[in-house]
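Values below: all heavy atoms of this structure, side chains included; hydrogens, waters and symmetry mates excluded.
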Amino acid sequence: MNRIRMGQQIAIMVAISLLLISKVVNAQKFNDINKYIENPRMYAENQEATHVPLMPFDTEEQALAGDWLVSPWFISLNGQWKFKWVHNPYEVPEGFWIEGYDVSAWDDIAVPGVWQMQGYGYTIYRNIPQAFYPFNPPYVPDDINP
């Protein structure tokens, strides 16, 4: 009887420990994300300096025509892209940035485009104030922040 009770107590302690560890890991994720989205000094990272857009061409005639579509180094990002809308950064699927991640269940969205006009999120109108609640800059809501 004592061995069974002791085994149950150990199992409960292990379960509680795992729960606490998962809360610490999730808290770390919150802190990592907030480091970026709540820091007014963090407005750019790993970006190239601004410059005049340049496009190489194969021939002088192509360059003078200025049609980027004929350049072999031009890649258009326009088209259908896989898209997953989430309520906040904490719902973003882990590892989605890894090559080979399965996005087959995600929706398709037109790019360029505005996701609100394609049925995602909430419509925002520039002529109507959209107050954050609670308003406490630079902190943003953790639960709704698409």
- Message: For Ile75, I'd like to know if atom CD1 has over 12 heavy atoms of other residues, nucleotides or ligands within 6.0 Å.
- Response: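 Open: at most 12 neighbouring heavy atoms sit under 6.0 Å from CD1 of Ile75.
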- Can you sort out the partners of Trp68 under side-chain contact (heavy atoms from CB on, under 4.5 Å), two or more places apart, ordered by chain and number?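 Expected list: Pro53, Met55, Phe57, Phe74.
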- Shortest non-hydrogen contact from Val111 toward Leu77: CG1-O, 3.7 Å
- Nearest heavy atoms of Ser71 and Pro56, plus distance in Å: OG-O, 2.6 Å
- Euclidean distance, Glu94 CD relative to Trp97 CH2, rounded to 0.5 Å: 4.5 Å
- Task: For residues 100-122, pull every pair meeting side chain to side chain donor-acceptor pair (under 3.5 Å), keeping only residues two or more places apart or in separate chains.
- Result: Lys82-Asp108, Asp102-Ser104, Asp107-Tyr120
- Item | ILVMFWY cluster membership beyond Met117 - transitive side-chain contacts under 4.5 angstrom |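 Val114, which link up through side-chain heavy atoms under 4.5 Å apart, make up the rest of the cluster.
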- Item | Hydrophobic cluster identity match, Val103 and Phe96, side-chain contacts under 4.5 Å | yes
- Quick one: which residue pairs count as a salt bridge (Lys or Arg N to Asp or Glu O under 4.0 Å) with a foot in residues 48-66, not counting sequence neighbours? none
